[in-house]
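Comments concern the structure below.
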Amino acid sequence: MKLHPSTLRLSVLIPALLCSTVLHAQNLNDAIAADYNKNLKGLFEHLHQNPELSFMEFKTSKRLADELTTLGYEVTPGVGKTGVVAILKNGKGPMVMMRADMDALPVEEKSGLPYSSKTKSKDWFGKEVSVMHACGHDMHVTSLVGTARQMVRLKDQWSGTLMLIGQPAEEYTGGAIGMRNDKIYQRFGTPDYAMALHVSSEIEAGKIVAVEGSPFSGVDSVDIEIPGVGAHGASPHRGKDPIVLGAQIVMALQTIVSREIAPKEPSVITVGSFHAGSKHNIIPDSAHLQLTVRSDTVETRDQLIAAIERVAVNMGRVAGMPEDKLPKVTVDPQPMPPTINDIPLTQRLKTSWTQHFGADIFDQKFKRLGMGAEDYPFLIQNPTIPSVYFQIGGTPKAAFEAERTGGAAVPSHHSPLFKISPEPAIRSGVEATVVAMLELMPKT
């Protein structure tokens with residue numbers, strides 16, 4: 001059978017293209033591996049041993065700024081107090097932003113790692129506390145530096161403007177808002193696309209999870225002030241017990257999620273604090289509840305807030321409180337919106353990652369079971385910036401298998417036992433980010 005010339009050309013071209021893609025992927029992987037051994041491993045361990053609390057990331061931000069300046073980026077420190085913005089212009093094309101949060105937590109590390117943190121610091125209230133990177137932000141900063149180095153090395157393969165952000169105070173919240181209030185986009189330009197990553201102890205090390213929807217929930221902080229009528233504990237009939245009323249409110253709140261929100265609509269109401277009373281035999285004249293409320297959509301959030309107020313106020317009426325002494329619900333005026341991935345953009349990047357790594361790069365077993373929140377949405381709203389927030393696995397597969405067979409549990413984020421396997425996490429984080437940036441800023 002004689003093949004048409006065009007068929008012959010395709011039969012030669014397709015294997016050549018596949019070979020080129022494989023070689024490109026291998027070259028990038030090799031370059032990142034070499035950088036990890038030479039630079040990133042030491043940087044990660046330094047950051048892990050020298051954590052800093054929110055809005056106190058002075059040494060961390062300086063180290064990040066120095067690293068990026070050495071690579072040739074135009075670096076501006078002190079944005080939003082301790083934030084860092086680095087710009088690399090490389091011809092015409094879109095501006096793409098990548099954000100890494102920098103802060104650590106007031107947790108005493110008990111991971112047993114040879115590079116464990118021994119750091120102590122004064123917190124925001126002047127109290128000395130132990131400090132630990134118990135959520136992986138040291139990995140995020142290290143990955144950002146690794147990405148920055150590869151994008152300089154590959155300048156002939158992309159066109160546009162790269163914006164790298166070291167963001168303060170994600171844990172304390174306020175860092176993203178602080179950078180916006182410091183006019184980050186007016187000063188440096190508004191990105192056409194934005195990205196962020198988070199290492200996860202719940203995902204196999206080196207694997208990627210990119211949710212087509214909401215990877216992180218919105219959160220509201222809600223306070224309920226409960227008036228009562230004080231009395232002697234031996235004569236409860238002489239008062240109105242705000243502790244009993246508070247307990248009734250706590251239990252009634254749980255029916256909002258179980259009976260008013262659709263079963264497959266994510267929502268959480270947690271009462272994290274209940275303050276009342278001073279002595280065994282005194283019925284106090286007030287109680288105070290503090291709630292965290294989680295949701296993935298604006299509609300669910302509004303439904304939850306309205307129901308909380310209805311339940312609290314009407315439980316006061318059930319208890320016989322007069323109208324001027326009903327429980328008062330106060331919602332923090334600065335809620336945390338849910339993080340919403342742009343679905344077409346997420347699908348586009350997942351296609352690029354599949355082509356580069358192969359389909360097994362994604363952790364198909366991962367299920368989002370919690371409703372953690374992020375302040376990242378403040379960087380991609382007003383105006384809306386198409387964005388993808390993806391996660392990189394940090395726990396070796398063997399640790400999950402050991403847990404399933406009765407071994408040690410995998411420590412969660414914010415635990416004193418938290419730890420990740422840095423090499424696969426950092427290398428995968430850098431490579432996934434670089435592949436995404438090359439997709440979004442093709443050479444013109």
Side-chain angles (χ1 to χ4, degrees), residues 28-53 57-71 73 82 84 86 98-105 107 109-119 130-153 164-168 170-171 196-201 203-208 390-396 399 410-411 413-434:
L28 180 57
N29 184 275
D30 290 345
I32 294 170
D35 186 35
Y36 181 84
N37 292 326
K38 183 178 180 181
N39 301 301
L40 301 180
K41 180 177 185 292
L43 175 60
F44 171 78
E45 292 181 1
H46 169 80
L47 294 171
H48 191 87
Q49 289 180 309
N50 296 275
E52 295 176 293
L53 295 173
E57 312 94 331
F58 299 107
K59 293 179 181 178
T60 304
S61 61
K62 184 180 186 307
R63 178 64 183 266
L64 176 59
D66 289 347
E67 293 276 352
L68 298 177
T69 299
T70 300
L71 292 171
Y73 287 74
T82 49
V84 176
M98 183 69 190
R99 168 270 207 173
D101 39 9
M102 304 184 294
D103 54 331
L105 288 157
V107 174
E109 182 161 4
K110 299 178 182 178
S111 67
L113 293 169
Y115 49 86
S116 292
S117 168
K118 309 299 181 186
T119 298
S130 296
V131 186
M132 174 192 175
H133 270 297
C135 202
H137 296 188
D138 44 356
M139 178 273 180
H140 305 170
V141 175
T142 305
S143 180
L144 192 72
V145 172
T147 296
R149 185 172 287 112
Q150 294 306 315
M151 293 303 288
V152 169
R153 185 179 70 85
L164 303 181
I165 292 177
Q167 183 208 300
E170 186 278 328
E171 299 290 2
L197 65 75
H198 205 301
V199 68
S200 173
S201 66
I203 299 171
E204 182 182 332
K207 299 283 189 179
I208 299 173
F390 59 100
Q391 296 177 79
I392 299 291
T395 298
V410 173
H413 291 249
H414 293 213
S415 162
L417 303 176
F418 175 83
K419 60 183 176 181
I420 64 165
S421 183
E423 183 170 359
I426 292 168
R427 286 177 54 181
S428 185
V430 172
E431 193 164 356
T433 307
V434 170

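Keep in mind that what you see is a predicted model, and the values were worked out from it rather than measured.
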For [X] and [Y], work out which heavy atoms get closest and say how close.
X	Y	result
Val199	Gly136	CG1-CA, 3.7 Å
Ala134	Leu105	CB-CD1, 3.8 Å
Val410	Ala399	CG2-O, 4.0 Å
Pro424	Ala205	CG-CB, 3.8 Å
Ala31	Gln150	CB-OE1, 3.6 Å
Leu47	His133	O-CD2, 3.3 Å

Checking Ser117 against Glu109: is there a side-chain donor and acceptor pair closer than 3.5 Å?
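No, no side-chain donor-acceptor pair sits under 3.5 Å.
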
Just verifying a value: how many Å separate [X] [atom1] and [Y] [atom2], rounded to the nearest 0.5 Å?
X	Y	atom1	atom2	result
Glu67	Leu71	CD	CG	7.0 Å
Lys110	Ser130	NZ	OG	9.0 Å
Leu197	Gln391	CG	CD	9.5 Å
His48	Ser116	NE2	OG	5.5 Å
Glu170	Glu57	CD	CD	10.5 Å
Asp35	Leu40	CG	CG	4.0 Å

Between Phe44 and Tyr115, is a side-chain contact (heavy atoms from CB on, under 4.5 Å) present by the stated rule, with each step listed?
CA-CA 10 Å; Phe44 171 78; Tyr115 49 86; 3.7 Å; yes

Minimum side-chain heavy-atom gap Arg427-Asn29 below 4.5 Å
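Side-chain contact under 4.5 Å: yes.
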
Is the closest side-chain heavy-atom distance between Met98 and Thr147 below 4.5 Å?
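In short, these two side chains do not touch, never coming nearer than 4.5 Å.
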
Short side-chain to backbone donor-acceptor contact, [X] and [Y], under 3.5 Å:
X	Y	result
Thr142	Lys41	no
Tyr73	Ala148	yes
His413	Ser201	yes
Glu52	Lys59	yes

Parallel, tilted or perpendicular: ring planes of His137 versus His198, cut at 30 and 60 degrees
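Correct class here is perpendicular.
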
Might you work through the side-chain contact (heavy atoms from CB on, under 4.5 Å) test for His414 and Val107, ending with a clear yes or no?
CA-CA 8 Å; His414 293 213; Val107 174; 5.6 Å; no

Check the pair Ser61 / Met102 against side-chain contact (heavy atoms from CB on, under 4.5 Å), numbers first and verdict last.
CA-CA 8 Å; Ser61 61; Met102 304 184 294; 4.0 Å; yes

Does Asn50 form a side-chain contact (heavy atoms from CB on, under 4.5 Å) with Arg63? I'd like the steps, not just the answer.
CA-CA 11 Å; Asn50 296 275; Arg63 178 64 183 266; over 6 Å; no

Applying the side chain to side chain contact (heavy atoms under 4.5 Å, CB included) criterion to Ser143, which one of Val430, Asp138, Ile392 satisfies it?
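Of Val430, Asp138, Ile392, side chain to side chain contact (heavy atoms under 4.5 Å, CB included) with Ser143 is met by Val430 alone.
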
